[in-house]
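No experiment lies behind these values; they were computed from the predicted model shown. Residue numbers start from 1 in every chain, and the chains themselves are labelled A, B, ... in the order their sequence lines are given, proteins ahead of strands.
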Amino acid sequence: MEQFSLFKSSKGPETVQTVSEMPSALPIAHSPLPIAYLSFDIEATGKNPLSDSIVGIALCREKGKAYYVPVRHKYATNILEAFDILKKALEDESILKIGHNLKYDILMLRQEGIHVKGMLYDTMLASYLLAPNKPDHSLENVSLEYLVHKKKTFTETLGKYSSFSELPIDDATQYAAEDALLALELKELLFEKLIDEGLEKLYFDIEMPLIYVLADMESAGIMIDNDKIAGLSKELERELSVIEIKIYSLAGEKFNINSPLQLRKILFDKLGLKPSKKTKTGYSTSMDVLVELAKTHELPSEILNYRTLYKLKTTYIDAIPKLINSRTGRIHTSFNQTVTATGRLSSSEPNLQNIPIRGEWGARIREIFIADKGHMLVSADYSQIELRILAHMSNDSGLINAFKNDIDIHTETASELFGIPKESVTVDMRRVAKTVNFGVVYGISPFGLSEALNIPPKKAATYIEQYFKKHPGVRDYMENIIKKAHECGFVTTLMGRKRPVPEIWSANISIRQQAERLAINTPIQGGAADLIKIAMINIHKKLAEKNLKAKILLQIHDELLLEAPEEETDIVKQLVKAEMEKALSLSVPLKVEICHGKNWAEAH
DNA sequence: CCATTCAGC
DNA sequence: CGCTGAATGGA
């Protein structure tokens with residue numbers, strides 16, 4: 001492997017000039033012009049692309065030959081002009097960029113003022129689409145899976161150095177160049193496989209363009225009201241200590257309220273309350289159990305109250321300020337594109353997809369997320385997206401008519417389940433029907449529904465029976481998808497995303513039934529994921545075309561949160577709603593509810 | 001590191 | 001009954 005030899009020469013720029021070779025397997029439809037390509041991999045001081053910095057860049061354009069450009073090594077000569085040279089190549093739209101986890105590299109390069117453009121080929125995402133059930137799509141794992149070549153991790157080989165920047169250039173070159181090389185080799189191999197599996201359209205039309213959208217969302221971040229969060233923390237602290245004292249007095253002793261083990265002893269041994277549910281390790285103290293116990297004793301409801309507030313305080317109020325980026329003063333989550341088995345995104349550090357919304361505290365916590373000065377937050381929610389996708393895929397006439405006529409679906413279901421006119425549906429009947437509708441989407445079972453509604457499985461079974469009587473299209477759809485899963489071993493979404501369900505062949509009934517529920521749920525949940533990803537890409541593009549300053553900040557599965565300059569609010573609301581509603585044309589209309597406000601609670 | 005619990009869709 | 005991530009306690 002050569003060491004950055006070309007960069008040592010005075011003709012630096014030539015090393016990254018475009019070449020006019022045609023990569024063997026590029027699809028004509030997606031690359032009308034001959035395309036040059038460049039595989040690259042950034043080495044940095046750490047894993048956070050918004051706070052760590054680049055140490056060096058590995059480049060590779062042909063098998064067996066890669067280069068490493070050191071830029072911030074200690075005790076070594078760095079090639080400081082490298083960024084100027086690389087900028088030309090990386091911002092050249094005609095050059096295909098190959099890499100493993102390109103969102104990371106794109107974000108890293110932005111710190112240097114380099115805005116990567118053009119078609120992407122991310123081998124991590126190729127691996128994910130080919131095997132969405134796999135938990136780990138790291139370069140180590142993917143090359144282990146598909147190549148003879150076995151890559152070692154940094155810790156395994158160079159772990160004695162505390163940071164990449166401490167490495168001697170020879171070691172750094174060896175390590176980094178290998179990564180760029182592996183990405184190029186994987187690209188050729190995985191591309192064939194994507195085509196074999198019919199996944200190339202999903203890959204090039206959705207997942208690759210989405211990388212740029214997610215990179216923009218992550219670098220935008222969201223603003224937090226620091227004063228308000230400090231106030232809430234103090235208030236919760238006071239509330240918690242009051243409840244704590246009450247709990248000790250009711251229990252007759254001090255104990256660790258956060259320990260289910262100790263709580264178990266107090267509730268079931270000392271106070272002799274009736275346990276209703278078991279876990280692997282003993283009696284459960286979960287919410288539904290405590291709600292039942294609350295009818296017989298004062299302690300369980302105090303525990304519930306304590307748990308709720310403690311959770312809110314530790315997971316949200318106290319955790320979020322620690323993650324404020326010192327440079328931007330904002331919270332920058334990571335959107336992971338290769339985690340879920342269904343095609344959804346996930347969010348971490350912090351998870352901004354599970355910020356509380358229910359109850360008084362939910363609203364108060366969402367008030368912490370605010371728009372920048374002179375801006376508004378715009379929230380756009382798909383209404384009943386999963387049931388609409390089910391309506392489309394099952395072609396059930398009842399569901400299709402309901403959505404075509406914009407009917408309240410849960411009230412409609414209640415009237416069907418209880419055989420009464422819609423006007424006579426009570427709040428409680430609607431609640432039951434809502435749970436049944438969720439159950440349908442999850443791959444309903446009498447056991448699951450009985451747990452959710454806290455009713456006998458027999459009773460749950462009659463609801464399910466009644467539902468299918470009214471929706472034979474849904475019943476047929478479910479039978480067919482299970483049949484298909486048995487035949488092929490996988491299920492697919494609207495956009496052709498695949499999820500293997502090998503457990504469908506299990507001899508074990510409960511494993512097999514679980515696989516059947518996944519087979520039912522995945523096309524629905526995954527279809528909704530496909531849909532909102534398309535909407536995100538289109539909105540991102542439209543905002544740029546119209547030179548609007550508004551930015552997408554968050555995606556919460558069926559909701560988008562944007563930040564817009566106040567004067568753009570109306571036009572952005574109109575644009576976002578329209579793009580979301582026409583992202584795909586289904587046999588039922590898509591409905592989007594859109595609001596705005598100075599904070600996330602108001603915008604909702 | 002696993003189990004439990006719970007926040008969201 | 002589907003899909004997640006984070007905090008905690010306890011081995």
Side-chain angles (χ1 to χ4, degrees), chain A residues 132-133 135 255-264 277-290 303-304 306-320 322-323 333-336 339-359 361-362 365-366 381-387 390 435-453 457 460-461 463-464 467 478 491 499 501 510 513-529 532 554-560 600 604:
Chain A
N133 282 339
F255 66 104
N256 188 342
I257 306 170
N258 293 314
S259 164
L261 213 72
Q262 294 182 35
L263 179 62
R264 205 180 275 164
K277 213 169 65 174
K278 275 202 251 181
T279 65
K280 281 181 203 167
T281 56
Y283 294 128
S284 168
T285 67
S286 65
M287 191 158 65
D288 45 340
V289 172
L290 295 186
I303 299 282
L304 279 171
Y306 181 91
R307 279 208 185 140
T308 307
L309 299 187
Y310 189 85
K311 178 111 185 173
L312 298 181
K313 183 168 187 293
T314 54
T315 309
Y316 304 101
I317 302 293
D318 292 345
I320 283 172
K322 292 182 190 153
L323 291 163
T333 183
S334 294
F335 285 106
N336 202 313
V339 165
T340 72
T342 54
R344 275 189 178 180
L345 299 174
S346 86
S347 157
S348 57
E349 286 181 286
N351 182 353
L352 294 185
Q353 289 181 322
N354 72 346
I355 299 300
I357 185 165
R358 284 155 208 152
W361 287 98
I365 287 174
R366 289 205 170 202
D381 267 70
Y382 278 116
S383 155
Q384 307 296 351
I385 190 58
E386 294 192 331
L387 283 174
L390 176 61
T435 307
V436 170
N437 279 329
F438 274 108
V440 167
V441 168
Y442 293 160
I444 203 159
S445 75
F447 177 76
L449 188 63
S450 76
E451 288 283 306
L453 285 173
Y463 285 140
I464 295 169
Y467 182 90
M478 290 182 174
V491 289
R499 177 181 185 180
V501 276
S510 76
Q513 286 178 335
Q514 161 135 29
E516 291 174 357
R517 291 194 295 272
L518 302 191
I520 291 167
N521 175 256
T522 298
I524 302 173
Q525 190 183 119
I532 196 165
L554 302 178
Q555 185 250 47
I556 311 99
H557 310 305
D558 63 353
E559 170 187 2
L560 295 178
W600 197 0
H604 218 283

Visitor: Rounding to an integer number of Å, can you tell me how far Tyr442(A) OH sits from dC9(B) P?
Guide: 10 Å
Visitor: Using a 4.0 Å heavy-atom cut-off, does Val440(A) contact any base of the nucleic acid, only the sugar-phosphate backbone, or nothing at all?
Guide: nothing
Visitor: Looking for any heavy atom pair under 4.0 Å, which part of the strands does Ala528(A) touch: base, sugar-phosphate only, or nothing?
Guide: nothing
Visitor: Does a nitrogen or oxygen in the side chain of Arg307(A) sit under 4.0 Å from OP1 or OP2 of dT5(B)?
Guide: no
Visitor: What residues form a side-chain contact (heavy atoms from CB on, under 4.5 Å) with Gln262(A), not counting sequence neighbours?
Guide: Phe255(A), Asn256(A), Ser259(A)
Visitor: How many Å lie between CD on Gln555(A) and P on dG8(B), as a whole number?
Guide: 17 Å
Visitor: Which whole-number value in Å describes the distance from Met287(A) CE to dT4(B) C1'?
Guide: 13 Å
Visitor: Does the side chain of Arg358(A) get closer than 4.0 angstrom to OP1 or OP2 of dC9(B) through an N or O atom?
Guide: yes
Visitor: Hey, does Glu386(A) reach any base, or is it just sugar-phosphate, or nothing, if we go heavy atoms under 4.0 Å?
Guide: nothing
Visitor: With side chains defined as the heavy atoms from C-beta onward, is the minimum distance between Ser286(A) and Lys277(A) less than 4.5 Å?
Guide: yes
Visitor: For the pair Phe438(A) and Tyr442(A), name the ring-plane relationship: parallel under 30°, tilted 30 to 60°, perpendicular over 60°.
Guide: tilted
Visitor: To the nearest angstrom, how far is Gln353(A) atom CD from dC6(B) atom C1'?
Guide: 16 Å
Visitor: May I ask you to say what Phe438(A) touches in the nucleic acid, namely base, sugar-phosphate or nothing, with a heavy-atom cut-off under 4.0 Å?
Guide: nothing
Visitor: Can you confirm whether more than 12 heavy atoms, excluding those of Tyr283(A), are under 6.0 Å from its OH atom?
Guide: no
Visitor: Nearest whole Å is fine: how far is dC6(B) C1' from Ile317(A) CD1?
Guide: 16 Å
Visitor: Can you check the Leu261(A) CG to dT5(B) P distance for me, whole Å?
Guide: 10 Å
Visitor: Can you tell if the side chain of Ile355(A) reaches within under 4.5 Å of the side chain of Trp600(A), non-hydrogen atoms only?
Guide: yes
Visitor: With sugar-phosphate meaning primed atoms plus P, OP1 and OP2, does Leu518(A) contact a base, only sugar-phosphate, or nothing at under 4.0 Å between heavy atoms?
Guide: sugar-phosphate
Visitor: Checking all strands, does Arg499(A) fall into the base, sugar-phosphate, or nothing category for heavy-atom contacts under 4.0 angstrom?
Guide: sugar-phosphate
Visitor: Using a 4.0 Å heavy-atom cut-off, does Glu559(A) contact any base of the nucleic acid, only the sugar-phosphate backbone, or nothing at all?
Guide: nothing
Visitor: Counting only heavy atoms not in Glu451(A) (residues, nucleotides, ligands), do more than 12 fall under 6.0 Å from its CD?
Guide: yes
Visitor: Classify the nucleic acid contact of Ser284(A) as base, sugar-phosphate or nothing, counting any heavy atom under 4.0 Å across all strands shown.
Guide: sugar-phosphate
Visitor: Using a heavy-atom cut-off of 4.0 Å to chain A, what are the terminal contacting nucleotides of DNA chain C, in 5' to 3' order?
Guide: dC1(C) to dG10(C)
Visitor: Under 4.0 Å, heavy atoms only, any strand: does Gln262(A) hit a base, just the sugar-phosphate, or nothing?
Guide: sugar-phosphate
Visitor: Could you state the interatomic distance from CD1 (Ile320(A)) to CG (Leu352(A)), rounded to the nearest 0.5 Å?
Guide: 6.5 Å
Visitor: Quick one: are Gln353(A) and Leu345(A) in side-chain contact, heavy atoms under 4.5 Å?
Guide: yes
Visitor: Using whole Å, report how far CG of Leu390(A) lies from C1' of dC9(B).
Guide: 17 Å
Visitor: For the CD1 atom of Ile317(A) and the CD1 atom of Ile365(A), what is their distance to the nearest 0.5 Å?
Guide: 4.0 Å
Visitor: Under 4.0 Å, heavy atoms only, any strand: does Thr315(A) hit a base, just the sugar-phosphate, or nothing?
Guide: sugar-phosphate
Visitor: Within the structure shown, what part of the strands sits under 4.0 Å from Asn521(A) by heavy-atom distance: base, sugar-phosphate, or nothing?
Guide: sugar-phosphate
Visitor: Hey, does Arg344(A) reach any base, or is it just sugar-phosphate, or nothing, if we go heavy atoms under 4.0 Å?
Guide: base
Visitor: Rounded to whole Å, please give me the gap between CG in Asp381(A) and C1' in dC9(B).
Guide: 10 Å
Visitor: What's Thr435(A) touching, base or sugar-phosphate or nothing? Going by heavy atoms closer than 4.0 Å.
Guide: base
Visitor: Classify the nucleic acid contact of Ile355(A) as base, sugar-phosphate or nothing, counting any heavy atom under 4.0 Å across all strands shown.
Guide: sugar-phosphate
